[in-house]
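Data first, discussion second: the structure below is written as structure tokens.
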Amino acid sequence: MTFLRNFIVTALLLAAAPAGAVKLGVPPEGRLDFAVRKSGAEIGHHRIRFTEKDGDLIVEIEAALRVRVAFVTVYRYAQRTRETWRDGALIALESDIDDNGTPFKIKAEKRNGKLFVNGHEEKHDLELGMFPLSYWNPQLMRQRQGIDVQWGSLADLDVSERGTERRKVRGAEIETRRYNMKGTEIRFGKRQTKPWLDVDAWYSPEGKLVAMSFHYRGFDFDYVLQ
């Protein structure tokens, strides 16, 4: 199958699949392992595991980052997140994050046909079909809102498709499709004035996440698939 045909197939899947469908971003090997780099230096890892249990899709995310300047740690980050998907919809989410010493814990679960989110500062009753901002599924790039897995708050999303690019992935050049996502947080029902999220993501023709980059807390981060 040619790269062009792969992209046509992926585009059709993105357009036709229901908002909650999740299979497109799940790699056959059931795992995604990223090295995280800052200014070319490796500072940690970001790992995603996919399993099935009683018909549900379980997505487990574990990340650990440490930024050092002159052998002194100036920033550290640790994440453990578990997503549960059923019939194409997110029905449960637990996330435990340490952002440079500040703990964040959120929990979401399906209740009475909706998704109840107990966030770091506020709570929400959301319609089923909302995506968390975990990026592994390219269908996230078609959503207008998402759930921040650190605060549990909502974000309005503005996504731009940047076209195709050739990138080196696991030592080989492949054709990828690039997206840019900007997110503006909604806190206590009020939309903030400036975007706090600005992420570039690259997906293979089969819909697998193969690279990411973003700017956060004054640092530029790159995710490289291992």
Side-chain angles (χ1 to χ4, degrees), residues 14 19-20 22 25 32 34 36-39 43-48 59 61-65 67 75-81 83 90 93-100 102-106 108 115 117-124 126-127 129-163 165 176-203 207 209-225:
L14 285 169
V22 297
L32 293 170
F34 294 92
V36 183
R37 296 176 180 171
K38 170 187 167 291
S39 302
I43 60 165
H45 64 263
H46 186 102
R47 298 167 181 157
I48 308 175
V59 183
I61 301 168
E62 185 267 326
L65 312 178
V67 177
Y75 177 71
R76 59 184 176 84
Y77 175 91
Q79 173 186 357
R80 288 191 178 275
T81 299
E83 304 171 6
L90 182 74
L93 171 71
E94 291 187 50
S95 192
D96 189 346
I97 290 174
D98 183 328
D99 189 348
N100 209 32
T102 301
F104 294 83
K105 291 187 178 184
I106 71 168
L115 186 68
V117 181
N118 188 353
H120 184 70
E121 293 183 337
E122 54 185 318
K123 300 177 181 180
H124 315 274
L126 306 176
E127 297 297 327
M130 189 74 69
F131 276 56
L133 299 179
S134 50
Y135 305 104
W136 59 266
N137 190 335
Q139 292 182 73
L140 174 64
M141 299 300 159
R142 299 183 63 84
Q143 308 305 308
R144 295 184 177 181
Q145 287 191 325
I147 305 169
D148 176 28
V149 298
Q150 180 161 319
W151 288 85
S153 56
L154 290 178
D156 282 339
L157 305 178
D158 181 12
V159 179
S160 301
E161 187 172 351
R162 298 295 174 85
E165 291 184 7
T176 66
R177 186 165 294 277
R178 179 180 180 180
Y179 297 85
N180 174 260
M181 172 183 284
K182 292 181 172 60
T184 303
E185 196 172 19
I186 303 171
R187 301 290 297 277
F188 299 101
K190 183 177 180 181
R191 191 176 190 271
Q192 303 301 295
T193 57
K194 294 182 179 180
W196 107 105
L197 178 72
D198 190 346
V199 173
D200 283 296
W202 290 260
Y203 296 89
L209 179 66
V210 296
M212 286 200 312
S213 67
F214 60 91
H215 187 80
Y216 182 64
R217 287 182 174 264
F219 303 111
D220 289 312
F221 296 95
D222 293 292
Y223 282 49
V224 181
L225 188 65

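Numbers here simply count residues along the sequence, with the first being 1.
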| request: Might you point out which heavy atoms bring Tyr75 and Asn100 nearest each other, and give the distance in Å? | output: CA-OD1, 3.3 Å
| field | Met141 versus Ala201, closest heavy-atom pair with distance | value | CE-CB, 3.9 Å
| Atom CZ of Arg162: over 12 foreign heavy atoms under 6.0 Å | yes
| message | Under the criterion side chain to side chain contact (heavy atoms under 4.5 Å, CB included), I'd like the reasoning laid out for Asp222 against Val36: C-alpha separation, chi angles, the key distance, then a yes or no. | response | CA-CA 6 Å; Asp222 293 292; Val36 183; over 6 Å; no
| Would Glu83 and Ser134 count as having a side-chain donor-acceptor pair, cut-off 3.5 Å? | yes
| query | Leu209 versus Trp202: any side-chain heavy-atom pair under 4.5 Å? | reply | no
| query | So, the side chain of Thr176 versus the backbone of Glu165: is there a donor-acceptor pair under 3.5 Å, distance only? | reply | yes
| task | Write down the atom of Ala155, the atom of Leu133, and the distance for their closest heavy-atom approach. | result | CB-CD1, 4.4 Å
| field | Close side-chain approach of Ile48 to His46, heavy-atom, < 4.5 Å | value | yes
| For His215, does its backbone N or O pair with a side-chain atom of Asp220 as donor and acceptor, under 3.5 Å? | no
| task | Taking the side chain as every heavy atom from C-beta outward, state whether Val199 and Met212 have any pair of such atoms under 4.5 Å apart. | result | yes
| Any chance the side chains of Glu62 and His45 put a donor and an acceptor closer than 3.5 Å? | yes
| request: For the residue pair Val224 and Arg37, establish whether any side-chain heavy-atom pair is separated by less than 4.5 Å. | output: yes
| message | Quick check: closest heavy atoms across Gly25 and Pro138, and the distance to 0.1 Å? | response | CA-CD, 3.8 Å
| said: Is there a side-chain contact between Asp96 and Gln79 in this structure, where contact means two heavy atoms from C-beta onward sitting under 4.5 Å apart? | reply: no
| request: Would you mind checking if Arg144 and Asp156 are paired as a salt bridge, meaning a charged N to carboxylate O distance below 4.0 Å? | output: no
| Are any of the side-chain heavy atoms of Pro103 and Asp98 separated by less than 4.5 Å? | no
| Under 3.5 Å: donor-acceptor pair, side chain of Asp99, backbone of Thr102 | no
| remark: Scanning both residues in full, the closest heavy-atom pair of Trp136 with Tyr203 reads O-CE2, 4.1 Å
| request: Quick one: pull up OG in Ser95 and CD1 in Ile147 and give me the separation to the nearest 0.5 Å. | output: 11.0 Å
| request: Grab the two heavy atoms, one from Asn118 and one from Lys123, that are nearest each other, plus how far apart they are. | output: OD1-CE, 3.5 Å
| field | Phe214 ring center near Tyr223 ring center (under 6.0 Å) | value | yes
| request: Measure from the side-chain N and O atoms of Glu122 to the backbone N and O of Phe188, and report whether any donor-acceptor pair falls under 3.5 Å. | output: yes
| query | Does some side-chain heavy atom of Leu140 sit less than 4.5 Å from a side-chain heavy atom of Tyr135? | reply | yes
| query | Do Glu127 and Leu115 have side-chain heavy atoms sitting under 4.5 Å apart? | reply | no
